[in-house]
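Structure, as structure tokens:
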There are 2 protein chains.
Amino acid sequence: MVSIHQRIFEDIETRIMTGVWQPGHRIPFEHELVQEYRCSRMTVNKALSALAERGMITRRRKVGSFVASRQIDRTVMDIQDISTEAELAGHDHGYRILRRRIETLDGATAAQLGETTGSDILRLHCLHTVDGKPNALERRIIMLAMVPSARTESFASVPPGKWLLDMVPWSKARHVIRAVSADAATARLLETERGKACLTLIRQTWQGSRTVTHVEIIHPGDRFQFAGDFHPTERGIPDQPPRRSSF
Amino acid sequence: MVSIHQRIFEDIETRIMTGVWQPGHRIPFEHELVQEYRCSRMTVNKALSALAERGMITRRRKVGSFVASRQIDRTVMDIQDISTEAELAGHDHGYRILRRRIETLDGATAAQLGETTGSDILRLHCLHTVDGKPNALERRIIMLAMVPSARTESFASVPPGKWLLDMVPWSKARHVIRAVSADAATARLLETERGKACLTLIRQTWQGSRTVTHVEIIHPGDRFQFAGDFHPTERGIPDQPPRRSSF
DNA sequence: GATCCGCTTTTGTCTATACAAATAGATACA
DNA sequence: TGTATCTATTTGTATAGACAAAAGCGGATC
């Protein structure tokens, strides 16, 4: 039914989780576990390596394996493309391009992105609706040097987030979540009041050391939240990842 | 220098990341990679298993291994205890208990927590300061059945978040991030204006199926943000996890 | 006391082999 | 035509054995 290395993994994991083995506790040596479970060392090793890869234990040659200090809290947030997410949840998603302009990167924006001034960029503003109600305002910058085909793309039928995702691989992403008060223009577009709390997600993706895109997504605070679960128990990535929040 | 299974892992990962192998592409069979790298199947298997565990490929017997559909975005946020985080960043952290009361769980709150009414709880309100300025308002509920020793703890010298972390193991945590406008009382405590956007983190932790604690941390929006990086490249959990945001 | 050397223990990696489980595709059959 | 069965292929798991790398420890030497 369950494999041996999996059983070893779970046995140890349980003892760590329930606090039977406190941080710093030395886990039995591989040869001890071999005796206990009557299996080969490779099998034990597979289980312990997996625990180490997870950060639940740390291992040192000649010394042994130890329960790692408590992972205070580490939560995995799935942040998805807004149209994909809305469709998955059975909602109707729409969007409208408010602005689409090719510009050259000015000093202030360049500094913000950590890029050099003067590059060609595509600046996109976009309003997303879910079931007819304004749900997000998207302000995006695309580096045209990295994504030349964006220069001629109208984004009339595929929203920019989705288009980029399919188009351009990336190697690094950074997210920032903050709360801001809506200014007049934002409030009008999102059909909320001026000064209202909005949840803003900023994302910048890179390929190597060069920015691909930078996007700021502004949600009305009363209609939106991010959520994430953390189960120290979970192994690997489930086939059907739990649906969490989106942007 | 680098082990063979690691080299195989990285070679394949690179091809996926850079888009040379698109989602759906079939990865060479194990026996093909064995020939290519002139190593044993176990070594190849270790690399491919790791890729599968990471969700970068999916594997099916008799069929083969395939590049998984793009992981749209999954970001890991380290959410730490506020005092620990402040100290790490070299700031001065202080706090003050505003309220500490033992109550019985009323209907509305019980529903919110997904617990049954009538249990004994400890309700704590707490104001955190960083370098003397109000930085967060903490509203916490502790289930006394799960943490009996909280009944007599004053929390005068150890902030409740830290105390609980050291005291009680947990098996599941859930986080919600939202933006809210400050009401009058909150604004006064945080020394900001009424209606100002605030970033709120809600966290509930369970042990098994029973709630341990529920906490709501309200930050002034202009002084706070969450941030998280995601590198598809990163293997495992680094020894010194990068410091990210806190609560 | 300080430094270097070699011994020993533990983990890390690799191999060659074996059998089990899943399953796509072919074949036989009703 | 549809269904059951067989077969070949691929991945999943496990084993026993081997050597390498890291590192604590004690002893020899200066």
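Side chains are part of it too, since the values below use all heavy atoms of this structure and drop only hydrogens, waters and symmetry mates. A, B, ... follow the sequence lines: proteins, then strands. Residue 1 opens every chain.
Between the side chain of Q204(A) and the main chain of L113(A), a donor-acceptor pair closer than 3.5 Å is present.
For the OP1/OP2 pair of dG17(D) and a distance below 4.0 Å, the side-chain nitrogens and oxygens of S40(A) include no atom meeting the criterion. Phosphate contact (OP1/OP2 of dG12(C), side-chain N/O of R59(A), threshold under 4.0 Å): present.
Remark: C1' of dG12(D) and NZ of K46(A) are 7 Å apart, rounded to the nearest angstrom. The separation between H31(B) atom NE2 and dT15(C) atom P is 17 Å, rounded to whole Å. The distance from atom CG of L33(B) to atom P of dT11(D) is 9 Å, rounded to the nearest whole Å. Taking atom CZ of residue R7(A) and atom C1' of nucleotide dG12(D), one finds them 18 Å apart after rounding to whole Å. Between F29(B) atom CZ and dA24(C) atom P the separation is 13 Å, expressed in whole Å. Rounded to whole Å, the distance from CG on N45(A) to C1' on dT13(C) is 9 Å. Taking atom OH on Y37(A) and atom C1' on dT15(D), their separation rounds to 18 Å, with Å as the unit. Regarding E53(B), its CD atom lies at a distance of 15 Å from the C1' atom of dT11(D), rounded to whole Å.
Checking dT15(D), dT13(C), dG12(D) against every side-chain atom of T43(A), the shortest atom distance belongs to dT15(D). Nearest nucleotide to the side chain of K62(B), out of dC14(C), dA22(D), dA8(D): dA8(D). When each of dT11(C), dG24(D), dT15(C) is scored by its nearest atom to the side-chain atoms of R60(A), the top-ranked nucleotide is dG24(D). If you check dA14(D), dG24(D), dT11(D) against the side chain of M42(B), the one that comes closest is dA14(D).
Here the shortest heavy-atom pairing between S65(B) and R59(B) reads OG-NE, 3.0 Å. What you find for L122(A) and A150(A) is that their closest heavy atoms are CD2-O, 3.7 Å.
At a threshold of 4.0 angstrom between heavy atoms, the contacts of I4(B) are confined to the sugar-phosphate backbone, with no base atom among them. In this structure, S65(B) reaches the sugar-phosphate backbone alone: every heavy-atom distance under 4.0 Å involves primed, P, OP1 or OP2 atoms, never a base.
Between the base of dT10(C) and the side chain of R61(A) there is no donor-acceptor pair shorter than 3.5 Å. A donor-acceptor contact under 3.5 Å is not formed by the side chain of R41(B) with the base of dT17(C).
Residue-environment remark: CD (E36(A)) exceeds the threshold of 12 foreign heavy atoms within 6.0 Å.
Here F9(B) contributes atom CZ and M56(B) contributes atom CE; the two are 6.5 Å apart, rounded to the nearest 0.5 Å.
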